[in-house]
Trainee: 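Below you'll find the structure I mean.
In each ligand, atom 1 is the first atom listed, and ligand 1 is the first ligand listed. Computed from a predicted model, the values in this text were never measured in an experiment.
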Amino acid sequence: MIQSIVKDLDFLSKISEPADERDAQVGQDLLDTLEANKQGCVGMAANMIGVLKRIIVFDNAGKPMLMYNPEIIRKADPYETEEGCLSIPGTRKTTRYRQIRVAFLNEQFKPRQKTFTAYTAQIIQHEIDHCNGILI
Ligand SMILES: [Zn+2]
């Protein structure tokens, strides 16, 4: 179900809890809400739809990808960039890594690891920041 986007910075600054299989509907809602906002949005975390669980969705080179409990386990090649966010007006400077390896649970809650690079890696880093209450 498409949910509305949270813009309350106090709420968005809270750290999200680990997700489990009871949160599958939140994952589906995130996919639906990303699809509905895809004109101006390439990724989303569950706190942006009002749920403080570690769940993210993002555009993975043209296809939506859902992750539960994503964690960056390796990162390389830092650079400075500027990002916007659907929840906050404007853009802000930040440091990102061109290559990251992420451990996560997939849509079936199976543990997986995958390496991402370039823009996709940047989106994932932004969404994982959301899970940690970091606003960029
Ligand atoms: Zn954001």
Side-chain angles (χ1 to χ4, degrees):
M1 200 198 301
I2 299 168
Q3 304 288 345
S4 54
I5 303 297
V6 172
K7 299 189 174 177
D8 177 336
L9 298 186
D10 286 335
F11 182 83
L12 292 170
S13 299
K14 292 180 171 36
I15 295 174
S16 292
E17 299 286 327
D20 61 36
E21 290 172 42
R22 290 167 294 181
D23 300 309
Q25 183 59 50
V26 181
Q28 185 57 52
D29 287 354
L30 268 179
L31 287 167
D32 296 343
T33 308
L34 179 65
E35 172 68 22
N37 285 280
K38 71 176 175 187
Q39 294 309 331
C41 183
V42 288
M44 208 170 269
N47 62 352
M48 293 174 69
I49 60 167
V51 180
L52 289 169
K53 291 291 177 80
R54 307 181 79 84
I55 312 169
I56 66 170
V57 290
F58 54 93
D59 180 272
N60 182 23
K63 267 181 62 183
M65 184 164 186
L66 173 63
M67 289 180 175
Y68 296 97
N69 303 334
E71 200 183 328
I72 295 169
I73 54 173
R74 211 153 58 222
K75 53 192 180 185
D77 202 358
Y79 64 102
E80 298 297 314
T81 185
E82 214 166 286
E83 291 176 1
C85 178
L86 198 56
S87 285
I88 321 162
T91 59
R92 287 145 299 276
K93 285 190 175 26
T94 185
T95 301
R96 295 300 185 203
Y97 296 82
R98 286 199 172 81
Q99 185 176 319
I100 56 171
R101 186 153 179 89
V102 186
F104 59 99
L105 301 179
N106 70 7
E107 280 191 56
Q108 287 76 42
F109 294 90
K110 301 270 190 297
R112 293 285 182 267
Q113 287 189 10
K114 195 166 158 58
T115 297
F116 296 89
T117 59
Y119 190 47
T120 308
Q122 183 180 357
I123 302 167
I124 294 168
Q125 289 168 82
H126 180 102
E127 304 315 329
I128 291 178
D129 275 355
H130 273 298
C131 295
N132 292 320
I134 297 166
L135 293 166
I136 304 283

Trainee: Does a sphere of radius 6.0 Å around CD in Gln113 hold more than 12 heavy atoms from other residues, nucleotides or ligands, not counting ones at 6.0 Å or beyond?
Mentor: yes
Trainee: So if you build clusters from Ile, Leu, Val, Met, Phe, Trp, Tyr with side-chain heavy-atom gaps below 4.5 Å, do Phe104 and Tyr68 land together?
Mentor: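 Different hydrophobic clusters.
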Trainee: Are Val26 and Phe11 linked, directly or through intermediate hydrophobic residues, by side-chain heavy-atom contacts shorter than 4.5 Å (ILVMFWY only)?
Mentor: yes
Trainee: Which of the protein's N, O or S atoms come within less than 2.8 Å of the Zn ion (ligand 1), not counting waters?
Mentor: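 Counting only protein N, O or S atoms under 2.8 Å from the Zn ion (ligand 1), the list reads Cys85 SG, His126 NE2, His130 NE2.
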Trainee: Quick check: are there more than 12 heavy atoms from other residues, nucleotides or ligands sitting under 6.0 Å from CZ of Phe109?
Mentor: yes
Trainee: Taking Asp129 first and then Arg96, would you say they form a salt bridge - that is, a charged N and a carboxylate O separated by under 4.0 Å?
Mentor: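 Salt bridge present between Asp129 and Arg96.
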Trainee: Between Lys93 and Glu82, does any side-chain N to carboxylate O distance fall below 4.0 Å?
Mentor: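 Salt bridge between Lys93 and Glu82, a charged N being under 4.0 Å from a carboxylate O: yes.
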